[in-house]
Q: 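The structure that follows is given in the form of structure tokens.
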Protein chains: 2
Amino acid sequence: MGRPITRLKDIANRTGFSVNTVSLALRDSPRIPEDTRLTIRQAAEALNYLPNHIAKSLVSRETKTVGLVLTSITNPVLTRVAQAIELRLAERGYSTLFATSNGDPEEQKKVIEMFRSRQVDGMLIYPSSHRDLDHIRRVRQAGHPVVLLVGDPDAGVDVVSMDTRQGGYKAVRHLLELGHRRIGLIDGGHERGNLEKAEGYRQALAEAGIGVDDGLLVAPRTHSVAGGHAAMAELMARGAGMTALLAATDSLALGALRWTQEKGLRVPDDMAIVGFDNIEFAEYAATPISSVDYAVARVTELAVERLIGLIGADALPEPQVKLIEPELVLRASSEG
Amino acid sequence: MGRPITRLKDIANRTGFSVNTVSLALRDSPRIPEDTRLTIRQAAEALNYLPNHIAKSLVSRETKTVGLVLTSITNPVLTRVAQAIELRLAERGYSTLFATSNGDPEEQKKVIEMFRSRQVDGMLIYPSSHRDLDHIRRVRQAGHPVVLLVGDPDAGVDVVSMDTRQGGYKAVRHLLELGHRRIGLIDGGHERGNLEKAEGYRQALAEAGIGVDDGLLVAPRTHSVAGGHAAMAELMARGAGMTALLAATDSLALGALRWTQEKGLRVPDDMAIVGFDNIEFAEYAATPISSVDYAVARVTELAVERLIGLIGADALPEPQVKLIEPELVLRASSEG
DNA sequence: GTCTCTTGTATTAGCGCTAACCGCCTCCTA
DNA sequence: TAGGAGGCGGTTAGCGCTAATACAAGAGAC
């Protein structure tokens, strides 16, 4: 490469001071008088000095870096989460190392190891499975600050998350109140045991004295719009008399909406639809879609704050789980 | 923090070998015989050793880290770009440091400095302005491998990008062939001098002997759906007799589509619409939207390959600009 | 039996930086 | 004028790792 970088030593040579004095001056130590500080500053400027963060990290034992693990950011809401987190971390002087696990637990393990090897000060993880958290718990027990962006009250790790169970519950309650009895569910992430939304769905139905009909449930492998479209087709093919639909993401909901449109069904008259995440595309859809809001700002703010707190702590405190109650945003897709 | 990490020294103490021997053994040096290698391996395993990447970087002078600068990843296509890049870099053993500039050139400068300070081996930059690249050129001249994800043939820096000028040209040609003469343009990023799409638009019109009517142009500040909606309202309020629309992103196009729908316009009969990026939401819109495809896979693959090439080179070769010709994906929004 | 040559390991130095400590001045006070 | 007290700066050590070099012991050559 042959990229010559300016070091403290170069400034020291140029100014005649020792490396240590230069270091102190550039860090505004009160022990250095104004004029030497100035001399050194100017020399640094002239040589286009940039501190070597790597060397600093080695001695200070902190990298001012946080690892962010997401499953996949094709989900628009995770995109917003990622960006908000990066911003908030940057405000606090931290950089973001970013990696995706593609929903594969093995991949996720590797990513976490890589982060550890790179000495990140802490990690924010959107786990691929919301259940199988042993591995992550171990990371915490090894003393690494970790905050999950989704998880259970009994996770044993810090969590800051939307309360999606509550979200599912609220959405179904809303549909029940509109008089619906045959409510379908297009779920996501089922195969990895992410059942919170389905649990909320079941609970609301149970309270209303309605049994869960498996014929109204489907769990596509992806969160894509195409997946929602296909899932809706499958549900309707079963002829289960469905009059309302809850979709685990707005992308799925948009796919379902498109299907109804193709078949000439009226929304919400023939089919009410509620989604999750409240993405902008849902608001401007052919029929604006009601959606369980994902409070990106609150989740990211609290998660980052908690993580920074953990990083600063002498010993990790008891894990704390913060579930944020979601708002249901009502739009035309579920209101006459 | 008090997080005790296992070091080579710990393994050395445990096995009785020297630190150096341990280092060599773990790196599979041929100078270490099989059985000592095994002893050391086992000890490393037992102590749960993870190499300290920071220390290694300090001596090897490479961090195996690449900095990725995006303007903002709320644009769904940039999201896909980010994820694909992370994946491809990971395959090649590189980690991704991620930062957003929010489209602010000053912010972008800071981010690049931060990356340099962190000794990244190279950078991939989606510049906030496609014109004012002096600052980035200087980074390259300082010997840092840089590849832009958007830019001009005469950028003076390596570029791998979609040829958006060509994309704008193709889209307008298509609309002209359908008989449209009054074609509107909702552009994006205008204020920062990102004029490629508009240039393609102008060129196609000029070739058809049609003058550009400024009454048909509008440049909202954002790429959001809401922005597209508002922009469409503004365009139509001007009463310029527009029969077709080119939008700089699919998000803008979706907003415009929504507006036509609210006003009872038929697409494409009353208003043809073509967008950019070919995101999934465009495909499944109320009227599926024709769009200039963004070849995420090709762009990211070529960009990463080029960057890795630059990182490995002894001296930076002449900058190379690769513009990928986009496909126009036709859908109902522009075809009877 | 001396002299290489090999094999396996230890020693040393150094990446760029910070932190702990040391030592020299000058100035003030008793 | 002796003796602290500061002010200012240098010296040394060390973060965890790698690379260059040194070295000891045994094998083989003559």
Side-chain angles (χ1 to χ4, degrees), chain A residues 1-41 43-44 47-65 113-114 116-121, chain B residues 1-41 43-44 47-65 113-114 116-121:
Chain A
M1 210 69 349
R3 221 167 298 132
I5 40 171
T6 327
R7 299 149 301 163
L8 288 184
K9 199 177 170 187
D10 300 317
I11 303 177
N13 287 342
R14 190 181 226 252
T15 57
F17 292 104
S18 78
V19 170
N20 184 284
T21 304
V22 174
S23 170
L24 288 173
L26 292 179
R27 282 179 295 149
D28 287 323
S29 157
R31 302 191 43 191
I32 307 295
E34 195 50 34
D35 47 345
T36 60
R37 191 207 314 281
L38 219 72
T39 316
I40 289 173
R41 268 269 143 71
L47 293 172
N48 200 7
Y49 174 75
L50 265 184
N52 185 329
H53 202 277
I54 294 288
K56 186 191 288 203
S57 295
L58 188 59
V59 32
S60 72
R61 303 169 131 307
E62 57 172 18
T63 53
K64 288 285 179 184
T65 303
E113 275 215 339
M114 189 269 286
R116 294 223 277 167
S117 176
R118 283 171 181 275
Q119 316 296 123
V120 298
D121 294 342
Chain B
M1 209 70 350
R3 221 167 298 133
I5 40 171
T6 325
R7 298 150 301 164
L8 288 184
K9 199 178 171 186
D10 300 317
I11 303 177
N13 287 342
R14 188 182 228 251
T15 56
F17 292 104
S18 78
V19 169
N20 183 285
T21 305
V22 173
S23 171
L24 288 173
L26 292 179
R27 282 180 293 150
D28 287 322
S29 158
R31 301 191 46 189
I32 306 295
E34 195 49 33
D35 48 344
T36 59
R37 191 207 312 281
L38 219 72
T39 316
I40 289 173
R41 269 268 143 69
L47 292 172
N48 200 9
Y49 175 74
L50 265 183
N52 184 329
H53 202 276
I54 294 288
K56 186 191 286 201
S57 294
L58 188 58
V59 33
S60 73
R61 303 169 132 306
E62 57 172 19
T63 53
K64 287 285 179 187
T65 303
E113 276 215 339
M114 188 269 286
R116 294 222 277 167
S117 176
R118 283 172 181 273
Q119 316 295 124
V120 297
D121 294 341

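To find a chain, count down the sequence lines: A is the first, B the second, and so on, and within it residues start at 1.
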Q: Using side chain to side chain contact (heavy atoms under 4.5 Å, CB included) as the criterion, list what pairs up with B/D28, not counting sequence neighbours.
A: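 Scan of B/D28 (side chain to side chain contact (heavy atoms under 4.5 Å, CB included), adjacent residues dropped) gives B/R37, B/R41.
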
Q: Looking at every heavy atom in both B/T39 and B/D35, which two are closest together, and how far apart are they?
A: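 So the two residues come closest at OG1-O, 2.7 Å.
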
Q: Give the angle between the helix axes at the two ends of the helix from C/dG1-D/dC30 to C/dA30-D/dT1, taking five base pairs at each end and rounding to 10°.
A: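 Roughly 70° between the end axes, to the nearest 10°.
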
Q: Both B/R31 and A/P30 contact DNA chain D. Which one's nearest nucleotide lies toward the 5' end?
A: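 It is A/P30 whose nearest nucleotide is closer to the 5' end.
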
Q: Listed by chain and number, what are the side chain to side chain contact (heavy atoms under 4.5 Å, CB included) partners of B/T63, not counting sequence neighbours?
A: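 If we apply the side chain to side chain contact (heavy atoms under 4.5 Å, CB included) test to B/T63, skipping adjacent residues, the hits are A/I54, B/S57, B/T65, B/Q119, B/D121.
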
Q: Between B/V59 and B/I32, who's closer to the 5' end of DNA chain C by nearest nucleotide?
A: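 So the residue in question is B/I32.
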
Q: Please report the closest heavy-atom contact between B/N48 and B/T6, naming both atoms and the distance.
A: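 Scanning both residues completely, I find the closest heavy atoms to be O-OG1, 3.9 Å.
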
Q: Rounded to the nearest Å, what distance is computed from the CD1 atom of residue A/I54 to the P atom of nucleotide D/dT18?
A: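 About 14 Å, once rounded to whole Å.
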
Q: Provide the closest heavy-atom pair for B/V19 versus B/L8 in the form atom of the first, atom of the second, distance.
A: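 Nearest heavy atoms, B/V19 then B/L8: CG1-CB, 3.9 Å.
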
Q: Looking at every non-hydrogen atom in both residues, tell me the closest pair between A/F17 and A/V22 and how far apart they are.
A: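 So the two residues come closest at CB-CG2, 4.3 Å.
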
Q: Do any of residues 7-21 of chain A sit with a heavy atom less than 4.0 Å from DNA chain C, and if so which?
A: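 Contacts with DNA chain C under 4.0 Å: A/R7, A/L8, A/V19, A/N20.
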
Q: Under 3.5 Å, side chain of A/D10 to main-chain N/O of A/R7, donor-acceptor pair present?
A: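 Side chain of A/D10 to backbone of A/R7, a donor-acceptor pair under 3.5 Å: yes, one is there.
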
Q: Mind checking whether B/K64 and B/K56 have side chains closer than 4.5 Å, heavy atoms only?
A: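 Counting from C-beta outward, B/K64 and B/K56 never come under 4.5 Å.
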
Q: Run the side chain to side chain contact (heavy atoms under 4.5 Å, CB included) test against B/R31 and tell me which residues pass, sequence neighbours left out.
A: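 If we apply the side chain to side chain contact (heavy atoms under 4.5 Å, CB included) test to B/R31, skipping adjacent residues, the hits are B/S29.
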
Q: A/S117 side chain to B/L50 main-chain N or O, any donor-acceptor pair under 3.5 Å?
A: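 Such a contact is absent between A/S117 side chain and B/L50 backbone.
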
Q: Reading DNA chain C in the 5' to 3' direction, which nucleotide is the first one with an atom under 4.0 Å from a heavy atom of chain B, and which is the last?
A: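 Endpoints of the contacted stretch of DNA chain C: C/dG8 to C/dG16.
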
Q: Which atom pair, heavy atoms only, marks the closest approach of A/S18 to A/A12?
A: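 Looking at all heavy atoms of both residues, the shortest contact is C-CB, 3.9 Å.
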
Q: Starting at CG of A/D35 and ending at P of D/dG7, how long is that distance when rounded to a whole Å?
A: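 Going from CG in A/D35 over to P in D/dG7 covers 15 Å.
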
Q: Identify whether any heavy atom of B/S57 sits under 4.0 Å from a base atom; if not, whether one sits that close to sugar-phosphate; answer base, sugar-phosphate or nothing.
A: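 If one applies the 4.0 Å heavy-atom cut-off, B/S57 turns out to touch nothing in the nucleic acid.
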
Q: By nearest heavy atom, map B/L24 and A/L50 onto DNA chain C; which one lands nearer the 5' end?
A: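 Nearest-nucleotide comparison on DNA chain C picks B/L24.
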
Q: Within the structure shown, what part of the strands sits under 4.0 Å from A/T36 by heavy-atom distance: base, sugar-phosphate, or nothing?
A: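 Sugar-phosphate: the residue A/T36, judged by heavy atoms under 4.0 Å, touches backbone atoms but no base.
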
